[in-house]
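Notes follow once the structure below has been shown.
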Amino acid sequence: MNQPMEKYNFHEIEVKWQKIWTEKDYAKADDFSDKPKHYHLVEFPYPSGAGLHVGHCMGYGASDAYCRMKRMRGYNVLYPIGWDAFGLPTENYALKTGVHPTVATAENINTFKKQIKSLGYSFDWNREINTTDPAYYKWTQWIFLQFYKHAIIDGKLIEVADDDTVTERLAYQKEMPINWCPSCKIGLANEEVISGKCERCSTETEKRSQKQWILRITAYADRLINDLSSVNYLDKIKTQQINWIGRSTGAEVMFSIKNHKTGLTVFTTRPDTLFGATFMVISPEHPLIKNIANSIENKEEIDEYIREAAKKSDLERTEMNKEKTGIEIKGIKAINPVNNEEIPIFVADYVLASYGTGAIMAVPAHDDRDWEFANKYDIPMRQVVAPEVTYYKTKPIEGKPWVDRVVTESIIHDPRTNKYLVLKWKKQPWNTFITGGIEKDEDIIEAAKREIHEETGYKNVKLVKNLGITRPSFYAAHKDENRRAIFHGLLFELENDERDETDQSEKDIHDIVWLNRGDLTIDSIVCASFDYWMEALDNKEAAFCGEGIAINSDFLDGLSTDEAKTKITKWLEQHDLGKAAVNYKLRDWIFSRQHYWGEPIPIIHCQKCGMLPLDEKDLPLELPMVERYEPTDNGESPLARIDEWVNITCPKCGGSAKRETDTMPNWAGSSWYYLAYAMQERNTKYEIRNTDRVQPDENIFKQKKHELDYWIPVDIYNGGMEHTTLHLLYSRFWHKFLFDLGFVPTSEPYAKRIAHGIILGPDGQKMSKSRGNVINPDEMVKEYGADTLRAYVMFIGPYDQESAWNTTGIQGVHRFMNRVWNNQKLVTTQNDDKALLIKLNQTIVGISEDLENFGLNTVVSKLMEFNNTLEKVGHISTESYRKFLQLLSPVAPHIADEIWQKHEFTRTTEESSWPEADPNYLVGDEIEVVVQIDGKVRNRLTVSSTITDDELEQAALASARTQEFIGGKEIDKIVVVPKRLVSIATKG
RNA sequence: GCCGCGGUGGCGGAAUUGGUAGACGCGCACGACUCAAAAUCGUGUUCCGAAAGGAGUGUGGGUUCGAUUCCCACCCGCGGCACCA
């Protein structure tokens, strides 16, 4: 190849190879093979009018590189693509232009397809799916019907008869307040409301009551948490799922209401604090208000508050969270079942109707929200948990006996001088507050006063504040024992100077000193509870929400929080006053939308027979053509306007009936699409259509059982971080349901989930049209080529982090491609230099590992490093060059194939196998070793790579430079790290 | 507030079973080519210092022969959740 190098004409090369790959059907996955399978899923795009986004390139390019490598390694790879095409943007477009969504979708898909193909991604187009294709959504509807026809009872899936109106179906209809977006005119799932605003248009949502279809995802809540332990997701994703489901364990407690038969049941995670409940709160929507309306003395006031609360949008309610409001229900009292205390009941909107029982017992001393509320409305608090403190100055000593005590610790304040009294000890270098043990049955205040009198002589002190109760552990040196003590902190005020002479024995021990607040510090005073007392002293106390030791709680006293929870729950169960209970933040999934462009819900409403599922053989229930797409103002779907579609005869009684007019949400079609890919090898072989050989009693999942058994689970699911809660949770839920039905072989759909970061605009801001910082992949392909764009999005930064687009960065990668192209001329028949062979083999090892771990930025940098070495060495053998092209091929497949072909290798790079490193060429003959002296690098030695530790140590010491830095000092220690370094520590 | 993640040159970022900090790329400087520019190629580029040397991975402490990596405390940034009892 001595002719002058022709220019790197990437455009020509890329078009050429894309055509060849398509003709060869290179990416085709085979159902069943002797090869190991790899099912690699990327999130299928929503074909919007805006076209492909560089963010898509990030995910698809990374996965494409991975899949190409896997194919070279001999895997039967399934890497499919399709279209998640139902949804609002297309409907809005239709609304504006009158173009039917089907037409707009087809156009958009065309554009997307062209763009995706221009990037050379190796998708298996034989398995392309489209959620808006009736052949596809037939099965989305079919799965919905299965939800309707089944229930989970005692953890088991059972079938529910059509006329059964009692059993709780997995799909059910219910009148309920929904989040209504007045702009989109659509009901939103809780998940689609972001801090009170519509996820799509950011309009404030309203509450609206409407009949809605709901999927009972909560029936799977525990499994959705527990099964996370069996999958390989990023911890971040697992945590997000767990938090979203929000499982809390605790107890339900029944409070009775004085002079009423009705009770009030609450859910609490802290039943151990039951003795500290000083009031109760119910949500404004709570039925109790209706049930006992006649007993309420301030009914009007309450009604007004409820009306106000109902008017508030979710946004207002959350914004209001700075200041809690509420109102006491006068005329009724609740009775605390453990001590029969009468406590007031409030209505307040900080308690949510939708969580737990919609009512709480309020324990202001141990809950921030209750604390705030009690403070505002001046409700008494009672501490029932003492925080445990281990005193840092005198830590308990293992092996010493433990002694329990109850102690008062008093701080005396003199308001005239604003100083605090401490005892300055004579024999010990410390100060203390006035402490003393409490005798049996002695009043705490009296005991404290007695102690104050004994130790200071002051006769007239007045208790001004309870500083709290703590439970410190410490070592008491004078008795040589460990102590666990309940400390009562008390603040007294000195009323006058009237004082008795103290005993000589007291005078011998300590003096009395008055200090300013500023001189009371944790170091100057021996006091285990110092921080707690000072917080209270400075009026900065807060609810103690942590765990500790139960106090003021009768039979729970002395127990740890965990022990107390167990004991009180048992007690409640024994007395039929409550039970252990679990609650979730996760709500059931509101599954209906009042829109046109979605899957029709296949249900029939007959006046006589009630609700009926559409017969499965009548699926798919196709969307009718309409003229107008606007949702109706009363919130009904546009389908409700088409009389000839809505009105049908009841399949059961033959009378008049109506179709359900709600459609499914955007999430429906994507909840099972990965199964559809696996069930559709090619259109010629099998089409998912109701017109072909599906028997009435058969379904596609049964027919395609072998294919599903072969492909499922998805081995790697790569997508955006933004879908890691909702879509992932929904599809896991559907999959578990299908697993229960026996249609899929695993309980989890995705063995591994990875997520890529987003690409920001060059300004570091999220790309958006309005900011004008959008990078168009088409333009990048035109200017630099697909290979450069592919390599650049890999090189841009760590795969899972967000990164900003850098215009000069892509130029740098393009320069690399050009250099790769030009370096073809360096291929010779000469033998390779050893240095090049070593670099090559190290690169093979490094890239293989990095690709496997999605360390894509370093894959590219390692290719660059090798290229740099090649340029320095100046020549490369054909054999080594082939290996380099193979390593390059997943990242930049077009240029790799083109050069490969020019060098007249048969087959394409992809058809070749992944190179193996030669272990003989991973380390050179000579290595550089570092000598550290007293922790600093002082010397570098070039030694044989076979050197032993002893030889290395000797070589290090023998070096003149080493000796110079040791400078005659005595050597304390020498550490040799084999073939890496020698560390010499000198004395002094 | 709670949970999670992170903080390394002028910039994006490499390197963690503790073992040469700054790979690779960008930018910048100088040089070659050119009438000139762009492109390309070469050399250099953590900071201070002429050098010897010293300092250095958010801050402060600790463990160690040795810490970006481990431990403690703190500061800052980002992401998620947010009155979930």
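Just so we're on the same page: letters track the sequence lines, and every chain starts at 1.
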Over how many whole Å does the gap from Lys7(A) atom NZ to U40(B) atom P extend?
11 Å
State the pairing partner of C81(B); accept Watson-Crick or G-U wobble contacts with both distances under 3.5 Å, and report none otherwise.
G1(B)
Provide the Watson-Crick or G-U wobble partner of A29(B), both distances under 3.5 Å; none if there is no partner.
U43(B)
Between the CZ atom in Arg961(A) and the CG atom in Leu941(A), the distance rounded to the nearest 0.5 Å is 10.5 Å
Salt-bridged, Arg938(A) to Glu964(A), with N to O below 4.0 Å?
no
Nearest whole Å is fine: how far is A85(B) C1' from Phe279(A) CZ?
11 Å
Base, sugar-phosphate, or nothing: which does Gln811(A) touch, judged by heavy atoms less than 4.0 Å apart?
nothing
Any idea which of C81(B), C65(B), U20(B) is nearest the Glu928(A) side chain?
U20(B)
C65(B) base / Ser983(A) side chain donor-acceptor hit below 3.5 Å
yes
Short side-chain N/O contact from Lys585(A) to OP1 or OP2 of A85(B), under 4.0 Å:
no
Considering Watson-Crick and G-U wobble pairs with both distances under 3.5 Å, what does U68(B) pair with?
none
Within less than 4.0 Å of OP1 or OP2 of G53(B), is there a side-chain N or O belonging to Arg938(A)?
no
Using atom CG of Asp367(A) as one end and atom C1' of C2(B) as the other, report the distance to the nearest whole Å.
13 Å
Send over the distance from Asp850(A) CG to G13(B) P, rounded to a whole Å.
17 Å
Is there, by distance only and without an angle test, a donor paired with an acceptor across the side chain of Lys324(A) and the base of C83(B) below 3.5 Å?
yes
Would you find more than 12 non-hydrogen atoms of other residues, nucleotides or ligands less than 6.0 Å from Lys376(A) atom NZ?
yes
Under 4.0 Å, heavy atoms only, any strand: does Asn868(A) hit a base, just the sugar-phosphate, or nothing?
sugar-phosphate
Less than 4.0 angstrom between a side-chain N/O of Asn243(A) and OP1 or OP2 of A82(B), yes or no?
no
Please state whether the phosphate of G80(B), meaning OP1 or OP2, lies under 4.0 angstrom from any side-chain nitrogen or oxygen of Thr239(A).
no
Quick one: label Ile796(A) by what it contacts on the DNA or RNA (base, sugar-phosphate, nothing), any heavy atom closer than 4.0 Å.
sugar-phosphate
When both hydrogen-bonding distances must be under 3.5 Å and the geometry is Watson-Crick or G-U wobble, what is U63(B) paired with, if anything?
none
Sugar-phosphate only, base, or nothing, as touched by Asn857(A) at under 4.0 Å among non-hydrogen atoms:
sugar-phosphate
Using a 4.0 Å heavy-atom cut-off, does Phe866(A) contact any base of the nucleic acid, only the sugar-phosphate backbone, or nothing at all?
nothing
Assign Gly356(A) to base, sugar-phosphate, or nothing according to its heavy-atom contacts below 4.0 angstrom with the strands shown.
nothing
Which one is paired to G12(B), where only Watson-Crick or G-U wobble pairs with both distances under 3.5 angstrom count?
C24(B)
N/O (side chain, Arg815(A)) to phosphate O (OP1/OP2, G25(B)) under 4.0 Å:
no
Under 6.0 Å from the six-membered ring centre of Tyr350(A) and within 45° of its axis: does the NZ or CZ of Lys324(A) meet both?
yes
Please state how far atom CG in Asn822(A) lies from atom P in A39(B), giving the value in whole angstrom units.
16 Å
When we call it a touch if two heavy atoms are under 4.0 Å apart, what does Arg819(A) touch: a base, just sugar-phosphate, or nothing?
sugar-phosphate
Do Asn823(A) and Glu871(A) get their side chains close enough for a donor-acceptor pair, meaning under 3.5 Å?
yes
Per Gln932(A) side chain, nearest of listed nucleotides A85(B), G42(B), G19(B)
G19(B)
Looking at the side chain of Lys936(A), which of A55(B), G53(B), G25(B) is the nearest nucleotide?
A55(B)
Rounded to the nearest Å, what distance is computed from the CD atom of residue Gln801(A) to the P atom of nucleotide G77(B)?
18 Å
Side chain Arg940(A) and base U20(B) donor-acceptor under 3.5 Å
yes
